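Can you keep this structure in mind? I'll have questions shortly.
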Amino acid sequence: MRLPTVQPCFYQLAQVAGYDIVKFSNGHALSLNTSPKGFMLLMPQPPKKGQVFEMHAPLSTEEDRAVKLVEACWTRELAFGDAGKIYLVGVTSLFELASLI
């Protein structure tokens, strides 16, 4: 069962750019809904299908955040004319570590 919850979250993607090079990119996304197994995110950049990345999702209070490893299952591009593109991304949770930030 999916629950509609619009919450901001922070993510970090790692991309292999060469034999010795890994590029990290950080950003903010919106979690649009949640289920026991995953999330649907609205992101400014698309992860590749199957890409595992870190996501920091809010918990019950503003200070509490859950650090999750998630895997991108699908991506849908949304275009807004000349304003640019944004992406709907379905992710499944792989691992969670509750922490205080």
Side-chain angles (χ1 to χ4, degrees):
M1 178 164 112
R2 291 203 169 270
L3 298 173
T5 53
V6 178
Q7 297 178 323
C9 57
F10 173 79
Y11 65 88
Q12 183 175 49
L13 293 172
Q15 297 177 340
V16 177
Y19 182 72
D20 296 358
I21 302 169
V22 176
K23 293 182 180 180
F24 291 96
S25 57
N26 301 320
H28 290 87
L30 282 178
S31 171
L32 300 178
N33 65 38
T34 62
S35 75
K37 295 185 179 182
F39 300 87
M40 183 168 64
L41 303 174
L42 193 60
M43 299 178 69
Q45 61 183 2
K48 294 179 183 172
K49 183 177 179 180
Q51 184 174 7
V52 174
F53 61 97
E54 186 177 298
M55 183 178 114
H56 299 249
L59 292 173
S60 58
T61 65
E62 285 189 24
E63 292 93 27
D64 291 339
R65 313 265 308 157
V67 179
K68 299 175 178 279
L69 284 181
V70 297
E71 179 181 2
C73 299
W74 56 266
T75 302
R76 302 286 184 272
E77 180 182 299
L78 302 174
F80 292 100
D82 294 335
K85 299 175 185 174
I86 197 158
Y87 303 87
L88 282 175
V89 180
V91 300
T92 187
S93 296
L94 300 175
F95 179 78
E96 177 178 327
L97 174 66
S99 67
L100 294 175
I101 294 181

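Note that the coordinates shown come from a computational prediction; the quantities given were computed from them, not determined experimentally.
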- Item | Distance, nearest 0.5 Å, that separates CG of Leu94 from CZ of Phe53 | 10.0 Å
- Query: Below 4.5 Å, heavy atoms only, C-beta onward: do Pro8 and His28 meet side chain to side chain?
  - Reply: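 Side chain of Pro8 against side chain of His28, heavy atoms only: no contact under 4.5 Å found.
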- Same cluster for Leu78 and Val6 if Ile/Leu/Val/Met/Phe/Trp/Tyr side chains link at under 4.5 Å?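 Shared cluster, yes.
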- Test applied, side-chain contact (heavy atoms from CB on, under 4.5 Å); reference residue, Trp74; option that passes from Val91, Val89, Leu88: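 With Trp74 as partner, Val91, Val89, Leu88 yield a single side-chain contact (heavy atoms from CB on, under 4.5 Å), made by Leu88.
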- Query: Judged by atom type as modelled, is there a donor-acceptor pair below 3.5 Å linking the side chain of Thr92 to the main-chain atoms of Lys37?
  - Reply: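 Answer holds: yes.
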- Message: If you compare all heavy atoms of His56 against all heavy atoms of Cys9, which two are closest, and at what distance to 0.1 Å?
- Response: O-CB, 3.2 Å
Side chains of residues 40-48: which donor-acceptor pairs under 3.5 Å do they make with residues two or more places apart or in other chains?
| residue | atom | partner | partner atom | Å |
| --- | --- | --- | --- | --- |
| Gln45 | NE2 | Tyr11 | OH | 3.4 |
| Gln45 | NE2 | Ser25 | OG | 3.0 |

- Item | Reported CG-to-CD distance for the pair Leu69 and Glu54, which is rounded to 0.5 angstrom | 6.5 Å
- Item | ILVMFWY network linking Val70 to Phe10, side-chain heavy atoms under 4.5 angstrom |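 No, separate clusters.
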